[in-house]
Chemist: 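Got a structure here, written out as structure tokens. Questions coming.
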Amino acid sequence: MRRSVIKDVLSTAKFGDKVLVKGWVKAFRQNRFIQLNDGSTITSLQAVVDFENTDEALIKRITTGAAVGLTGILEESQGKGQKFDLIVELIEILGDADPEEVSKTILQPKKHSLELLREQAHLRFRTNLFGAVFRVRHATSFAIHKYFNDNGYYHIATPIITGSDAEGAGEMFRVSTLDAQNPPLTKDGKIDWSEDFFGKETNLTVSGQLEAELAAMALGKVYTFGPTFRAENSNTARHLAEFWMVEPEVAFNDLTDNMDLAEDFLSYICKYVLENCADDIQFLNDREIEEDKAKPVAERNEMNLIERLNFVINNDFERLTYTQAIELLQNSAPYKKKKFKYPVEWGTDLQSEHERFLVEKHFKKPVIISDYPASFKAFYMRLNEDGKTVAAMDILFPGIGEIIGGSQREERLDVLLEKCKAFHIPADELWWYIDTRRFGTAPHAGFGLGFERMVMFTTGMANIRDVIPFPRTPKKAEF
Ligand code: 4AD
Ligand code: MG
């Protein structure tokens, strides 16, 4: 018999159908009722074993965590909240799970902390929670590809190993095959990178943007979706050393087009997951409400997960410039009461306490801040008329902070070269990037969405380590 997946059984099978399902035992009660889950959906199928007529040794092997195949007839369930009972005719043990060993792991069916689940990340896929998280992560990723495909964008693969470190987005991880104990040296005693695999220093990329810009200057609308790496020592709930970034880049777009695109894109993703992951989202929503009950009122979510997703779909984001944000902050109660730790002055970057105030306390909605001072934004951002600010934008989400960073790019060759000089960017190494400003340069704009930060929003998970299967953070690269 061909195996059926439980998701299909639950949605299309009829009473009386004979099916074979395979999965892992979630629970086995009264030597009779098996809850079987195969990962296709959060819902487990209830199977009923004929205890009297089944070999006792076989019954003993139906334990939590074991992999089994069950063949039987679907009948109307006597239990509440489920359509089918699978009346089992044939049991096949595919993989045993010793209860004693299981009890030492998170497979044991009881509540475990997220920290403990992270330590057993190889097993946490089996929990209802992480099953839901990773199905929603998949749908979030699929929605992104679908949005761009349906809107005429081309997916571009940008390099993971890069020979430039010009972005200045953060510390980089070196890629080298030189003998670390005994590297070749130049005459003046420095490491001789010309002997290295690529004949030069190379690193893992921090962003695919610069290469995406090259493609946009021919294909018009492109996007990248790839892993990026940052060796910053940021041990926060929002930072990973290895994360995925989505970077659209569009020829002839200006900053306003860029904001419009980002808003439309983010609400599309929210709509897609709500429509396509209804049961997982419901589970995550209810779990969050339960978790909140244990927290002090001030720390609870003002809106639940489903409300937050709908909020993004139904409301425009607040748009203001950096200059307006500074004025607003300087007139705010926490500023006047000296509650902010960091200074609020034109010319200094906004800190997360300021961003949180704007998004979570003041506007209570996603916010787009634009036109930041040139001094602390990247060299490639387009200089505004005022000569002081650049056409940058950051999108801030409640509970997450910066989810998108982007800009209109500097398309004027002379201004770009000036900026390289001012930022100590070696223009000769970036010859290929600068070339695009020589041959049919055109206004263009793009942004980077931190994919895991988006998955935090679509799942409601509060720690970025819980939305990527195997998180990489300082001092942690297990699995
Ligand atoms: O603001 P960032 O640094 O922008 C860029 O890299 C541009 N090249 C993007 C572009 O214009 N094409 O990073 C973009 C986003 C941030 O807004 C944040 O969501 C996410 O990437 N991000 C991180 N996510 C997880 N862990 C980290 N360490 C992150 N650093 C940035
Ligand atoms: Mg940024």
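Heavy-atom basis, side chains included; hydrogens, waters and symmetry copies ignored. First listed ligand is number 1; within each ligand, the first listed atom is number 1.
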Chemist: Counting only heavy atoms, which portion of E249 has something under 4.0 Å from ligand 1: side chain, backbone, both, or neither?
Modeler: neither

Chemist: Using 4.0 Å as the upper bound for N to carboxylate O, is an ion pair formed by K111 and E291?
Modeler: yes

Chemist: Parallel, tilted or perpendicular: which fits the ring planes of H145 and H155, with parallel below 30° and perpendicular above 60°?
Modeler: perpendicular

Chemist: Heavy-atom contacts under 4.0 Å between T228 and ligand 1: side chain, backbone, both, or neither?
Modeler: neither

Chemist: Report the part of F447 in contact with ligand 1, treating N, CA, C, O as backbone and CB onward as side chain, heavy atoms under 4.0 Å; options are side chain, backbone, both, neither.
Modeler: backbone

Chemist: Quick one: are the ring centres of F470 and F125 less than 6.0 Å apart?
Modeler: yes

Chemist: Does F229 come within less than 4.0 angstrom of ligand 1, counting non-hydrogen atoms of the residue?
Modeler: no

Chemist: Among all residues two or more places apart in sequence or in another chain, which pass the side chain to side chain donor-acceptor pair (under 3.5 Å) test with T459?
Modeler: none

Chemist: Below 3.5 Å, N or O to N or O, backbone or side chain included: is there any such pair between G450 and ligand 1?
Modeler: yes

Chemist: Check whether any heavy atom of E402 sits under 4.0 Å from an atom of ligand 1.
Modeler: yes

Chemist: Could you tell me whether F397 approaches ligand 1 through its side chain, its backbone, both or neither, with non-hydrogen atoms closer than 4.0 Å?
Modeler: neither

Chemist: Which heavy atom of I106 sits nearest a heavy atom of T127, and at what distance?
Modeler: CD1-CG2, 4.3 Å

Chemist: Do E288 and K293 pass the salt bridge (charged side-chain N to carboxylate O under 4.0 Å, His left out) test, and can you show the C-alpha distance, the side-chain angles, and the key distance before you say yes or no?
Modeler: CA-CA 9 Å; E288 186 183 86; K293 283 184 188 158; over 6 Å; no

Chemist: Give the atom numbers and elements of ligand 1 that come within less than 4.0 Å of a heavy atom of G406.
Modeler: 11 (O)

Chemist: Looking at E410 and R412, does any basic side-chain N land under 4.0 Å from a carboxylate oxygen?
Modeler: yes

Chemist: Using the side chain to side chain donor-acceptor pair (under 3.5 Å) criterion, which residues pair with N233? Sequence neighbours excluded.
Modeler: none

Chemist: Show the atoms of ligand 1 that are less than 4.0 angstrom away from any heavy atom in R409.
Modeler: 10 (C), 11 (O), 12 (N)

Chemist: Can the positive tip of R382 be found less than 6.0 Å from the middle of the six-membered ring of Y380, inside 45° of the ring normal?
Modeler: no

Chemist: At the 4.0 Å heavy-atom cut-off, does S407 count as touching ligand 1?
Modeler: no

Chemist: Using atom types as modelled, flag every donor-acceptor pair under 3.5 Å from a side chain in residues 334-348 to any protein atom, sequence neighbours excluded.
Modeler:
unit_1	atom_1	unit_2	atom_2	d
K336	NZ	N331	O	3.4
W346	NE1	T323	OG1	2.9
T348	OG1	E345	O	2.9

Chemist: Are any of the N/O atoms in I464 less than 3.5 Å from those in ligand 1?
Modeler: no

Chemist: Could you tell me whether H239 and ligand 1 have an N or O pair separated by under 3.5 Å?
Modeler: no

Chemist: Tell me, which protein N/O/S atoms are under 2.8 Å away from the Mg ion (ligand 2)?
Modeler: E402 OE2

Chemist: How about F379 and F423: are their ring centroids closer than 6.0 Å?
Modeler: no

Chemist: Just heavy atoms, cut-off under 4.0 Å: does R238 contact ligand 1 by side chain, backbone, both, or neither?
Modeler: backbone

Chemist: Within 45 degrees of the axis of the six-membered ring of Y372 and under 6.0 Å from its centre: does K377 put its NZ or CZ there?
Modeler: yes

